[in-house]
Number of protein chains: 2
Amino acid sequence: MHPLSNGFSIFMLRRSFLANFLEEPMSTGRFTLPSESNFAEVSRALAEKWGADAIRNSDGTHLDDDVLSMGKRIYSAYFPTRGHNDFMEERMHTVPMVFLLSERTLAEDITLDVPLMDTYFAEQLQVNRDASPAEFWEVIDRTTGDVVDASEWELDAQSDVVHIHCAKPMHEYTVTFLAYVIWDPVQMYNHITNDWGDKEHEIAFDPRDPEVRDFMFTTLRTWLADNPHVDVVRFTTFFYQFTLIFNNERKEKIVDWTGFQVTVSPGALAEFEAEYGYRLRPEDFVDAGSFGSSFVYPSQRQRDWLDFTSRFVQETMRTMVDLVHDAGKEAMMFLGDQWIGTEPYSENFGTLGMDAIVGSVGDGSTTRMIADIPGVRYHEGRFLPYFFPDSFFEGADPSIEAWDNWRKARRAILRSPLQRMGYGGYLSLAAKFPTFVDAVAKIADEFRDIYDRSGGKKSATHLNVAFVDAWGKRRSWQEFTVAHALPNKYNRSYYGLLESLSGMRVNVTFLSFDDVLAYGIDPSIDVVINAGPAGSAYSGGDIWTNSELVSYLRSWVRSGKGFVGVGEPTAVTHGGRYFQLADVMGIDKEVYRSLNVDKYWPQTTGEHFMNQDIDLDSLDFGDPIINTFPINESVTVLSDRDGEVQLATNNYGSGRGVYLSGLPYSATHARLLERALFFAAGKEDEYSIWSSSNPDCEVAHYPEKRLIAVVNNTEIEQTTTVTLDNATRELTLPGSGIEWIEY
Amino acid sequence: MHPLSNGFSIFMLRRSFLANFLEEPMSTGRFTLPSESNFAEVSRALAEKWGADAIRNSDGTHLDDDVLSMGKRIYSAYFPTRGHNDFMEERMHTVPMVFLLSERTLAEDITLDVPLMDTYFAEQLQVNRDASPAEFWEVIDRTTGDVVDASEWELDAQSDVVHIHCAKPMHEYTVTFLAYVIWDPVQMYNHITNDWGDKEHEIAFDPRDPEVRDFMFTTLRTWLADNPHVDVVRFTTFFYQFTLIFNNERKEKIVDWTGFQVTVSPGALAEFEAEYGYRLRPEDFVDAGSFGSSFVYPSQRQRDWLDFTSRFVQETMRTMVDLVHDAGKEAMMFLGDQWIGTEPYSENFGTLGMDAIVGSVGDGSTTRMIADIPGVRYHEGRFLPYFFPDSFFEGADPSIEAWDNWRKARRAILRSPLQRMGYGGYLSLAAKFPTFVDAVAKIADEFRDIYDRSGGKKSATHLNVAFVDAWGKRRSWQEFTVAHALPNKYNRSYYGLLESLSGMRVNVTFLSFDDVLAYGIDPSIDVVINAGPAGSAYSGGDIWTNSELVSYLRSWVRSGKGFVGVGEPTAVTHGGRYFQLADVMGIDKEVYRSLNVDKYWPQTTGEHFMNQDIDLDSLDFGDPIINTFPINESVTVLSDRDGEVQLATNNYGSGRGVYLSGLPYSATHARLLERALFFAAGKEDEYSIWSSSNPDCEVAHYPEKRLIAVVNNTEIEQTTTVTLDNATRELTLPGSGIEWIEY
């Protein structure tokens, strides 16, 4: 139970807090505090305690004059595409649109009625009856794949039901229809989560419409003029919402944090056709229910749409950034909600003039996703927990999540620094939890201390690793993501790789298959990783029938490099193999095409460089990859369970292949991956220096400063031996502790 | 420890046995005893004890005159295609041949040497250098799939290495070459297993050669004339050996009990081309390493070859059967070694005049495979253990295997009777184990008793079930088989279905997809089963893109029938589904094409007809089928583990779908399947009658005789309540017990 009872008055709370805040913070700066209206006194106290040098408002809040006059830098959230319902009510044809797919509906007879909206949230979505269904929609027989001619169906606009006149009995049909998104999904999410009742629904708008775009620019100009006190315009975010569609039970139905679904409109489709010379189909968007998932290998048509949309978004964004600069302010982008088309790893992002980026730190991977973005002057991490009632409720101890979040992020920050930190949400909520307030004070001090000691530099890397998939650099640190920083059953075996790498003393590069085919792999790279489920954009699917790719990688590994395959790497049924680089890894998967051939397993090896100090039996290798097997008896199998391989290695020319079935994140798993990478690279000799004997502790090395930081990645005390240049050091670190050693 | 010590003399053994055999058997007949030379006295005693009415020799043994004059029917093993090395030594070009695949060999340069025989057993196989390699072989770039022109490679006949002149570096190559099988694989197996040392290797011959065929017929004629005492010619088997290829370590390398690999020759290929108008490629046989596996969906070319070979084999076999009949003897076929082309479920088998069939009883499924064969007058089961040193060694108790084998077979015999039983191997070995001798006496008596009480009739079935796969009737009771009656990691989840059904009170029909498409499903069928790994001939792979098949089955189930899908049924990526009948079963598998769509699971249901009296948590559902999920919240999920579905059901029109992830055989698993089938058929009301409350006991019902048999399928005592017409009966059965009840 939290000590504050329900009836405790906010006044008493403030007094007790103020008393508590008399201590000065160790340091100040690099910290952004969220504030809100009628909360100046506590805001001031917390700003002092947390060493804040900047203050911002949150969604739906405004800053008091008292707060504005505290002498801090002022960030203001700015929403370019919502908050003007009066303007939009007359222009509902310019709200963002999306192609939705009806449920699959079975024809029991030669006519069939397909209801469109039965499983969609009517407060969010509305059938677009304005753009001709015959022209823009598609009815598909999913049993054959055939498109039903538009003359054979019609919309009943009263009931939002499509009548198909000549269906084939026992075939399933879908209707892909254009829908208006009439409620901004972020406000909708916040509205439902916070139970805002009859608060007005905000209507978003699509900047493709010239009148809307003009309105946006004019509104921004006016706002800039009206808000001289604002130093930093924090765009939250720009124009198009990532895919977030709710169902008829007000629950999430479709989600994709990197999804381009809600960027479509008749106008945009026409512009696309004019530019690219071909017309996109509704099916290019819904893809039989994939909805442009990043797990599906992107088609050329999909890539064209991404490029087309990104160019438009970035042009419009550049105009806004210029307006901000003209007003003498800084432009900051929140890598969050309406970020589609602003992909910060796209080629042109660095040229857009954005001053800063801020993003939500969910874990180490998302920290790196923010910290590694090129072309901005500074990067700010918004840490968790968000000050919302889902974490801050009576009896909760949000400091637990704060420390957990900090430990995950810290590993990553030591590798690639953030310049600033902050929190988000409602300060009035956070202020009720003194343990949390203290935790943030400590975290903020440590954040600044790391920055100062490291000089804001990256720690040294000792290995160069390239991740190879269909997306490459464009989705750096976003691989395997569905919802932001939320691993689930389907991706946890793979996402753990990124999370492990995010805080590892290796340099990580993201390459696409196209990059490898066009430019090869830079000689500085030591190890290539290919990971993911078979047939996905991450594993690669059919690309592995490309003999150039396969032979290039074989030759590259044989020259003395490493290849680490995870899950179903290089998988496609072709030429008598399933894993096309089975010869490199020594492991293939039986897909019931070689059952006639006996499989003789080598003895499982006990002792090996890769599992030194690691109890393989205790590890979670993720979901089993069924029916993997060593291709011959010279393969070294380190772990197998129920007849499946979890960890194996194979010599390949002068290089090495390693196979791992999967790797959810844990400190020990990260250690195993680190060892596997050094081993694959043939650099076992370089492993122990600048390292910690205890997998729960990691070392960041700053050679220019002759300094190392040792962190304890757990909440309990840890003892470790750290190996320096030519000495070792025994250390005991408290839970979440960090220690700096000069050498 | 067995009571017989090593030094115990065979003489003392005989005396003690003879004393023991004074008791008469309860009954005689229907039993075939294997005998051997110099073993008349014990043979006579065991014949009495086991109630034998027929005596046969085993591979490599002869019967004594004393045995021949015992007044029993005499079976003689007959090997049409071996045992005449003198004849064959001059005709080594007429030994059976096979297309072998070299190991995949990586080109590191533009020339490449591929050794052919490095991993093959040189005592069994020899490169065929007589048939032009350029004409008959194939060199394939497995990285591209391209065939290398014959002008670009050549064989070094000294070293059996193929030199490729213009390889592509970093591509893998294979050579498919024709090889002579110079050692009969059955004799080889027995030779190696029994350590026969320098005993001569028997050379098999290929009956395609007219001279060989004439020799075979002449030899048989002479043999028939020379062996007037023989009543039954037991062909062991006919001409072509199933695929059994050994490696350079004298261990099994390639095996397929239903495999047609060793039927090829230049002559046969030419005849085929003349008849079918196209030429088969080596790749049609080796198929990138599948070697014609029955798990791979059979191509039209493969089916053509099977038909072509079967016709030839059956014609030749018919000639031999006629010769046997002309000599006044019976012809019996052993469904065993050289049975390729004699498939007893092929259309014409019943017309060949064969009198009897005998096969090895490995379990219930193989019992049914023998017992259900149409067109012969009687079926004999050869029970296990085989009297070989691998089961009969000092300290062993082979009676354990005998009882286990009997319990498995008995379930099946009660459903579909065998007319005769017997054992095989060396009687002198078996005679050393008195516990075993007693066990066989009891089993033989019980076998005869079942036959007598049931009148040799099948027990009543209460449900009609059809198994649907690519093979259908042609491979009845042979589904999922690689080696005879040997479940392994890869097939155990599926083979258990057959084993469960083999002793279940259901009528089982085997249909091919082609049957369903051509003729539909007979209205008498209650439930269709589709089972197997994705993409296999059993699950069906691409056939499920056939909208006729899919819509036919939908309509069939909706009319009030049942569909049971096991493993990855109806699986192929098409139209937004992976399981094409996901709508029927309520379950689909996430193949990373719908991760953007939220999956909401229904509550797992506890109580249900399907798991009444069964603890689902204790079951082994086989290897997990990863990422299965209910397609909506109206699906009933009965069991799920680690986020995967094991057992679920769905209403579909007036019918029902059931999904099971897998089902290795056990009594409880068989019970679950039985319940699932009755439930799918909507016949729960008819379930409890003629059934046993205890899953370890089963009931066979003979309505004409107003009789039921209750069997205990375990080796320990069981108590059960049996439901009759309008009464129940409590029973306690000893381990392996059977009880008959008249009502």
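Proteins get letters first, then strands, A, B, ... in listed order; numbering begins at 1 in each.
With a 4.5 Å cut-off on side-chain heavy atoms, B:Glu172 and A:Arg577 count as touching. Here the side chains of B:Tyr600 and A:Lys251 are in contact, with some heavy-atom distance below 4.5 Å. The shortest distance between side-chain heavy atoms of A:Asp583 and B:Arg104 does not fall below 4.5 Å. Two residues are said to be in side-chain contact when any heavy atoms from C-beta on lie closer than 4.5 Å; A:Arg142 and B:His574 fail this criterion.
Interface remark: B:Gln580 contributes no atoms to any contact with chain A (heavy atom separation under 4.5 Å). Neither the backbone nor the side chain of A:Lys168 comes within less than 4.5 Å of any heavy atom of chain B. Contact annotation for A:Phe246: neither backbone nor side-chain heavy atoms come within less than 4.5 Å of a heavy atom of chain B. Proximity to chain B (any heavy atom under 4.5 Å) is restricted, for A:Val482, to the side chain, taken from C-beta onward. Residue B:Pro624 touches chain A through both its backbone and its side chain, counting heavy-atom pairs closer than 4.5 Å. Residue B:Tyr652 touches chain A through its side chain alone, counting heavy-atom pairs closer than 4.5 Å. The part of A:Asn247 that comes within reach of chain B is its side chain, from C-beta onward, which places non-hydrogen atoms under 4.5 angstrom from that chain. At a 4.5 Å heavy-atom cutoff, the contact between A:Ile626 and chain B is made by side-chain atoms alone. With a threshold of 4.5 angstrom between heavy atoms, A:Tyr297 does not approach chain B through any atom at all.
Applying the side chain to side chain contact (heavy atoms under 4.5 Å, CB included) criterion to A:Pro298, with sequence neighbours excluded, gives A:Gln302, A:Arg303, A:Ala470, A:Trp471, A:Ala537. Applying the salt bridge (Lys or Arg N to Asp or Glu O under 4.0 Å) test to A:Glu568 and every residue at least two apart in sequence or in another chain returns A:Lys589. For A:Asn248, the side chain to side chain contact (heavy atoms under 4.5 Å, CB included) criterion is met by A:Thr119, not counting sequence neighbours.
At a heavy-atom cut-off of under 4.5 Å, chain B is reached by A:Thr545, A:Ser547, A:Val550, A:Ser551, A:Arg554, A:Ser555 from residues 541-555 of chain A, listed in order of number.
Proximity of a side-chain donor or acceptor of B:Tyr592 to a complementary backbone N or O of A:Tyr490 within less than 3.5 Å is detected. No side-chain donor-acceptor contact under 3.5 Å links A:Asn596 to the backbone of B:Ile254.
Ranked by heavy-atom pairs under 4.5 Å with chain B, the list A:Gln261, A:Glu103, A:Glu108 is led by A:Glu108.
The pair A:Arg593-B:Asp287 counts as a salt bridge, with a side-chain nitrogen and a carboxylate oxygen less than 4.0 angstrom apart. With salt bridges taken as basic N to acidic carboxylate O contacts below 4.0 Å, none links B:Lys489 and A:Glu590.
The line from NZ of A:Lys253 to CG of B:Asp598 is 9.0 Å long, rounded to the nearest 0.5 Å.
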